[in-house]
Amino acid sequence: MSPSANSNSTSQTVAVLAGGVGAARFLRGLLRVRRQADVTAVVNVGDDFVLHGLSISPDLDTVTYTLAEQVNAETGWGRRGETWHVRTELGRLGGQDWFALGDLDVALHLFRTQRRNEGASLSQITRELAGRFGLELTLLPVSDDPIRTRITPAAPAEAAEIDFQEYFVARRHGIAIRSVRFAGIEAARPAPGVAEALTSADAVVLAPSNPFVSIGPVVDVPGIREILARRRERVVAVSPIVGGQSVKGPAADMMHYLGHEPSVVGIARLYASCAATLVIDHADAELAPAVARAGMSPVVTDTIMADVDRAATLATATLHAVDADIRDTDTTRPAANSTGTGT
Ligand code: FO1
C-alpha cells in the first residue's frame, strides 16, 4: 500500500465496474493508492462460457491473476509461468484447442466447475478463489445468473449469431458486426453485495474497458443503470479510446460498426446518462469541449497504463476527478467546456 492511501482527502471507498485486461491494470494501480478493504470490483460475466465441460470466467480470472501478480504480463490474461501440456496433448488428439487454456489455468477452471456442480454460486466461488490468491478486495461477478454476450456478424453469409469467445478469440475480433446482445440479462439479478457497493461507494469508476461487451453487460443488469444514474455525480469513467483507437481490443471497431463515433466524444455520449465525469488522454485534449457538450465533465491526464506506477497515477487522477466534480456541483460549477487537469 502506498503511503498516500490514507493521507489524501479523495474518495475513500471505491467501486469499479470492470471488464478484463484494461480494468485489471487499472485496479492494480488503484490498489497502490487505496486499501484493498476499501475497493470493490464488479466484474463482467458476459464473456463466461463452458468449454470441455469447464466453467470459464475470463474477466474474473484476469482480474484475480493480475491483482495477485500472477498474470502473464505479455498477453494480459492467463497465468505467468504457464505450461501447456494439456493444450498440446488436446491438439494432438484432435480436440478443441483454439481457446488457450494453460495447465495452471485449467486447475482453476476444474475447481470452479467442481464447486458449481456442488451448488455454489459464482460469487461464493469467486470469493473462495480470491482468498486463495491472497486478495482482500471485494471481488464480485455482476450477477450469479447466466448472462451470455452474443454477437451478430454483419455479413449475411456468416452465422446468424455467435458466442462472444468465438467472435473474440476464434475470429480474433476481425469481422464486421451488426449487433450485440446479452442473452439472459433481463432475468439476471445483481449478485449479493453489488447494489450495496454501488450505492454506498464514495466513488464509482467505469474502468477503461470496452463499453459494449465489458461495461454494457454490467450496467444492463436490471437496476444497475438506475443506481448509477441516481449517483451520477459520484460516477467517473476512464475512456478506453485514445486518439480514436482502442487501447486494447476491438472497442473502436465496435463503435464504428454499431454506429457510434470512435472517439472520446462517442464514449461520452454512451456514458453521459450514468456518469458525470470522463477521464481522457492528453492525446484527446482538443476534444474536451466536445466531451462537455456531450454531457460529461472532461478531465485530461495520462491514461496509458504502461506500468503500475502510471496506473496508480491514473487511479489517483480519476478519484480526484470525482471529488472535484462534487465540489463544483456543490459550489460554483465551471463552464461546461472547462478542462480539468486531473491532478
Ligand atoms: N484471449 C485470446 O485472445 N486468446 C485465447 O486463447 C485466450 C484464452 C484465455 C483463457 C483463459 C482466460 O481466462 C482468458 C483467455 N483469453 C484469451 C482472454 C479472454 O478471452 C478475453 O480477453 C476476454 O474475454 C475479453 O475481456
Side-chain angles (χ1 to χ4, degrees), residues 16-28 41-68 70-88 90-91 95-113 116 122 125-126 129-130 133 139 141-142 146-151 162-175 177 180 182-183 206-218 238 240 246-254 305:
V16 179
L17 272 49
V21 178
R25 288 179 176 158
F26 180 85
L27 281 159
R28 188 163 167 250
V42 176
V43 180
N44 170 41
V45 295
D47 302 9
D48 292 15
F49 73 131
V50 174
L51 185 65
H52 317 301
L54 300 176
S55 297
I56 301 173
S57 295
D59 285 355
L60 283 165
D61 295 344
T62 295
V63 170
T64 301
Y65 293 157
T66 303
L67 299 185
Q70 292 292 328
V71 82
N72 177 332
E74 234 166 83
T75 56
W77 50 264
R79 288 286 293 269
R80 191 179 74 188
E82 187 59 282
T83 55
W84 300 94
H85 299 295
V86 171
R87 186 186 190 203
T88 304
L90 193 60
Q96 286 197 47
D97 62 353
W98 58 273
F99 194 78
L101 295 177
D103 302 332
L104 297 172
D105 201 27
V106 164
L108 182 140
H109 306 313
L110 287 167
F111 175 83
R112 179 184 289 118
T113 305
R116 294 222 76 151
L122 183 58
I125 301 164
T126 301
L129 284 168
F133 277 85
L139 185 56
V142 65
I147 299 169
R148 296 293 171 263
T149 298
R150 310 272 297 162
I151 307 283
I162 56 177
D163 182 70
F164 176 76
Q165 295 298 347
E166 185 181 342
Y167 161 75
F168 194 91
V169 175
R171 314 267 186 118
R172 298 172 190 218
H173 49 78
I175 58 170
I177 65 166
V180 175
F182 312 125
L206 309 191
S209 296
N210 186 306
F212 300 107
V213 293
S214 298
I215 302 298
V218 175
V238 182
S246 315
V247 176
K248 195 168 189 341
D253 288 346
M254 290 183 119
M305 297 178 285

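Counting starts at 1 for both ligands and their atoms, following the listed order.
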Option from D48, N44, D47, T62 for which side-chain hydrogen bond (donor to acceptor under 3.5 Å, both in side chains) with S57 holds: D48
Using side-chain contact (heavy atoms from CB on, under 4.5 Å) as the criterion, point out the one residue from V50, L122, L54 that pairs with R116. L122
So, applying side-chain contact (heavy atoms from CB on, under 4.5 Å) with L101, which one of Q96, E82, H109 is it? H109
Over 60° means perpendicular and under 30° means parallel, so classify the ring planes of F49 and F99, tilted if in between. perpendicular
Output block, N or O contacts of ligand 1, threshold 3.5 Å exclusive:
residue	atom	partner	partner atom	Å
ligand 1	1 (N)	W77	NE1	3.4
ligand 1	6 (O)	A100	N	2.9
ligand 1	20 (O)	Q165	OE1	2.9
ligand 1	20 (O)	Q165	NE2	3.4
ligand 1	24 (O)	D47	OD2	2.7
ligand 1	24 (O)	Q165	NE2	3.0
ligand 1	26 (O)	D47	OD2	3.2
ligand 1	26 (O)	D59	OD1	2.9

Is the backbone of G19 close enough, under 3.5 Å, to the side chain of S214 for a donor and an acceptor to pair up by distance? no
Short question: side chain of D97, backbone of L90 - any donor-acceptor pair under 3.5 Å? no
